[in-house]
Amino acid sequence: MFISKRVKDVAHSIPFFISEQAAKLRAEGRDISLFGAGETGFETPEYVKTAAKVAIDAGHTKYTAIAGILPLREAICKKLREDNGLEYTPDQIVVSNGAKQSLWNILYSVVNEGDEVIVIKPYWLTYAELVRLAGGVVVEVSDTKEIKAAITEKTRVIMLCTPNNPDGKVIHERELRALAKDLVGSGIWLISDEMYEKLIYGKTKHFSIARVYDKTITVGGVSKSIAMTGWRVGWTACCAEFAATMTRFQSHTTCSICTISQYAALEALSNKTEHDKFVSMVRQSFQERRDYVVKRLHGIAGVKFQEPEGAFYALVDVSKFGEAFEITQQLLQEADVAAVPCETFGAPGHIRLSYAQPMEALEKGLDRIEGFFARKIKEVK
């Protein structure tokens with residue numbers, strides 16, 4: 001069977017691969033601790049579910065405008081103005097099937113064969129695969145300070161994620177302002193993936209680089225903050241001309257997104273009282289879990305990590321014990337723990353632990369992880 005090279009070369013989505021392994025073992029009766037999930041674990045709030053049911057009963061089951069229903073795009077503009085200090089109009093918003101499609105729309109619309117896209121490692125593995133599918137070349141840097149030196153005449157896009165998946169790092173305002181200053185007049189597009197913006201802990205604050213760099217395309221959604229991963233609602237905010245370009249492209253791929261999901265997302269954003277209450281609960285819960293995970297990881301000999309400032313992941317250096325993929329396979333088979341190896345995240349020797357699970361499950365899972373690495377330490381010695 002003939003398969004195109006661009007698809008044949010696409011790497012398997014390793015988090016889903018690990019989830020499939022864990023699900024199979026669970027079906028066999030194994031009690032697997034799940035540290036691989038990229039979703040919050042919370043149920044979508046009732047006020048959002050109710051809005052979806054109302055939308056069905058009201059007959060909102062037909063196609064909509066490709067870029068999304070006008071009330072939803074207006075609600076996104078209001079959210080961006082109030083939360084991020086950004087001014088957009090509805091014709092500058094494109095609603096897509098989650099942030100993953102938003103990113104694909106952007107990259108396929110601006111990247112030509114051989115164009116370079118700068119990404120900061122570690123990065124969400126899909127970034128690299130989407131760049132390659134669009135014909136681009138991934139250029140890795142370690143932080144924003146290295147970006148200026150990495151720019152060449154072939155640089156078309158810079159991709160940022162803050163807070164970051166997989167390490168929870170937040171790019172602070174001073175760093176973003178310095179980067180924007182370096183980019184002025186360059187003509188380079190900058191993608192700012194802000195999907196985890198509501199999940200930041202302590203005194204750290206979120207800052208949108210679109211406030212200071214006008215060629216920014218801001219990507220957001222309701223998947224993480226409102227526990228709506230399966231509803232598939234993401235968006236981009238950018239200049240009207242480019243929004244129209246992406247809308248034209250999307251019209252030939254998925255058309256508009258699920259109408260019912262759009263009305264659910266509209267209620268998620270518009271019902272400010274319920275929205276803020278739910279987001280506050282989720283953030284507080286994750287801060288408690290983050291603090292617990294940090295404390296436990298500090299007590300495990302042989303592993304190193306940087307304390308996450310946001311999202312719900314910890315990136316752990318296990319290179320002392322071998323290849324990350326092999327370590328995650330051993331964790332799964334020997335300790336009943338599902339974790340994600342991060343070679344394809346630009347972080348060889350590291351594994352990602354998601355703390356998006358109840359505290360009781362975290363305690364049990366970290367007991368298993370601690371026991372596993374205690375045994376590995378003895379083997380190394």
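- Pairing each heavy atom of Pro90 with each of Cys77, the nearest pair is N-SG, 3.6 Å.
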Yes or no on salt bridge (Lys or Arg N to Asp or Glu O under 4.0 Å) for Asp31 and Lys364, after CA distance, side-chain angles and deciding distance?
-> CA-CA 11 Å; Asp31 176 25; Lys364 179 167 64 173; 2.8 Å; yes
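- No hydrogens or angles considered: a donor-acceptor pair under 3.5 Å links the side chains of Gln21 and Gln329.
- Annotation for Val219 and Ala99: closest pair CG1-CB, 3.7 Å, computed over non-hydrogen atoms.
- Contact record, Lys100 with Phe16: NZ-CE1, 4.5 Å, taken as the closest heavy-atom pair.
- Between Phe373 and Phe321, the ring planes lie tilted relative to each other; the angle falls in the 30° to 60° range.
- Taking the six-membered ring for Trp and the full ring otherwise, Phe345 and Tyr127 have centroids separated by 6.0 Å or more.
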List the steps and the verdict of side chain to side chain contact (heavy atoms under 4.5 Å, CB included) for Leu160 and Asp193.
-> CA-CA 6 Å; Leu160 305 179; Asp193 181 347; over 6 Å; no
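- The pair Asp182-Arg177 does not count as a salt bridge, with every side-chain nitrogen at least 4.0 angstrom from each carboxylate oxygen.
- Counting heavy atoms from C-beta on, the side chains of Leu315 and Pro122 come closer than 4.5 Å.
- Side chain of Gln250 to main chain of Val95: a donor-acceptor pair is present (N/O by atom type, distance under 3.5 Å, no hydrogens or angles).
- Applying the ring-ring contact (aromatic ring centres under 6.0 Å, His included) criterion to His60, with sequence neighbours excluded, gives Tyr263.
- Judged by distance alone, the side chain of Ser354 and the main-chain N or O of Ala356 form a donor-acceptor pair under 3.5 Å.
- Looking at Gln101, its side chain never comes within 3.5 Å of a backbone N or O of Gly98 through a donor-acceptor pair.
- Between Lys79 and Glu197, at least one side-chain nitrogen of the basic residue sits less than 4.0 Å from a carboxylate oxygen of the acidic one, meeting the salt-bridge criterion.
- Salt-bridge check for Asp367 with Arg296: passed, with a basic side-chain N closer than 4.0 Å to an acidic carboxylate O.
- Between the side chains of Thr152 and Glu116, at least one donor N or O sits under 3.5 Å from an acceptor N or O.
- Expressed to the nearest 0.5 Å, how far CD1 of Ile120 lies from CG of Leu179 amounts to 7.5 Å.
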Run the side-chain hydrogen bond (donor to acceptor under 3.5 Å, both in side chains) check on Gln262 and Thr64 step by step: do they pass?
-> CA-CA 9 Å; Gln262 291 189 62; Thr64 73; 3.0 Å; yes
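- Under the 3.5 Å distance criterion, the side-chain polar atoms of Thr204 are left unmatched by any main-chain donor or acceptor of Ile200.
- Classification of the Tyr355-Tyr201 ring pair by plane angle, with boundaries at 30° and 60°, yields tilted.
- Across all their heavy atoms, Ser33 and Arg368 have their closest contact at OG-NH1, 3.0 Å.
- At least one donor-acceptor pair under 3.5 Å links the side chain of Ser186 to the backbone N or O of Ile188.
- Proximity of a side-chain donor or acceptor of Thr259 to a complementary backbone N or O of Lys62 within less than 3.5 Å is detected.
- In this structure, Ile171 CD1 and Thr162 OG1 are separated by 5.0 Å, a value rounded to the nearest 0.5 Å.
- Counting only distance, with no hydrogens or angles, the side chain of Arg30 and the backbone of Ala27 share no donor-acceptor pair below 3.5 Å.
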Test Asn105 against Thr236 for side-chain hydrogen bond (donor to acceptor under 3.5 Å, both in side chains), laying out the working first.
-> CA-CA 9 Å; Asn105 285 351; Thr236 49; over 6 Å; no
Quick one: do Val337 and Ile32 satisfy side chain to side chain contact (heavy atoms under 4.5 Å, CB included)? Show the steps, please.
-> CA-CA 6 Å; Val337 170; Ile32 306 298; over 6 Å; no
After noting the C-alpha distance and the side-chain angles of Phe35 and Leu366, does the key distance pass the side chain to side chain contact (heavy atoms under 4.5 Å, CB included) rule?
-> CA-CA 10 Å; Phe35 285 86; Leu366 284 163; 4.2 Å; yes
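- In this structure, a donor-acceptor pair under 3.5 Å is present between the side chains of Glu309 and His172.
- Listed here is the closest heavy atom pair of Ile66 and Cys255: CD1-SG, 3.4 Å.
- Within 6.0 Å of atom CD in Glu140, more than 12 heavy atoms from other residues, nucleotides or ligands are found, so the atom counts as buried in its surroundings.
- With a 6.0 Å cutoff to the six-membered ring centre and a 45° limit on the axis angle, Arg289 does not count as a cation-pi contact of Tyr292.
- Ring centroids of Phe278 and Tyr47 are separated by 6.0 Å or more, keeping the two rings apart.
- Closest approach of Ser102 and Ser96 over heavy atoms only: OG-CB, 3.6 Å.
- By the 4.0 Å N-to-carboxylate-O rule, Lys49 lies close enough to Glu43 to be salt-bridged with it.
- Here Asp167 does not pair with Arg352 in a salt bridge; the nearest charged N to carboxylate O distance is not below 4.0 Å.
- In this structure, a donor-acceptor pair under 3.5 Å is present between the side chains of Thr44 and Trp231.
- Counting non-hydrogen atoms of other residues, nucleotides and ligands closer than 6.0 Å to CD of Glu360 gives a total of 12 or fewer.
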Passes ring pair (Phe, Tyr, Trp, His ring centres under 6.0 Å), Phe286 versus Tyr313? Steps please.
-> CA-CA 10 Å; Phe286 276 131; Tyr313 310 107; 9.1 Å; no
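- Using modelled atom types, no side-chain atom of Asp291 and backbone atom of Val294 make a donor-acceptor pair closer than 3.5 Å.
- Salt-bridge formation is detected for the pair Lys272/Asp276: a Lys NZ or Arg NE/NH1/NH2 atom is positioned less than 4.0 Å from an Asp or Glu carboxylate oxygen.
- The closest donor-acceptor contact from the side chain of Gln357 to the backbone of Gly41 lies at 3.5 Å or more, if one exists at all.
- Taken to the nearest 0.5 Å, the OG atom of Ser13 stands 8.0 Å off from the CH2 atom of Trp124.
- Here the OG1-CD distance, from Thr50 to Glu267, works out to 8.5 Å after rounding to the nearest 0.5 Å.
- Salt bridge Asp115/Lys154: absent, no basic N to carboxylate O contact under 4.0 Å.
- Between Asp83 and Lys198 there is a salt bridge, since a side-chain N of the basic residue sits under 4.0 Å from a carboxylate O of the acidic one.
- Ring geometry, Phe249 versus Tyr108: the interplanar angle falls under 30°, so the pair is classed parallel (tilted spans 30 to 60°).
- No donor-acceptor pair under 3.5 Å is formed between the side chain of Arg156 and the backbone N or O of Leu107.
- The CZ atom of Arg290 sits 11.5 Å away from the CG atom of Leu199 when rounded to the nearest 0.5 Å.
- Checking Glu288 against Ser285 by side-chain atom types alone, no donor-acceptor pair falls below 3.5 Å.
- Separation of atoms CD1 (Ile69) and CD (Glu74) is listed at 9.5 Å; rounding is to 0.5 Å.
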Evaluation steps, side chain to side chain contact (heavy atoms under 4.5 Å, CB included), between Leu25 and Leu332 = CA-CA 9 Å; Leu25 292 175; Leu332 190 58; 3.6 Å; yes
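- Atom CZ of Arg26 has more than 12 neighbouring heavy atoms from other residues, nucleotides or ligands inside a 6.0 Å radius.
- Remark: Lys215 NZ is packed, more than 12 non-hydrogen atoms of other residues, nucleotides or ligands lying under 6.0 Å away.
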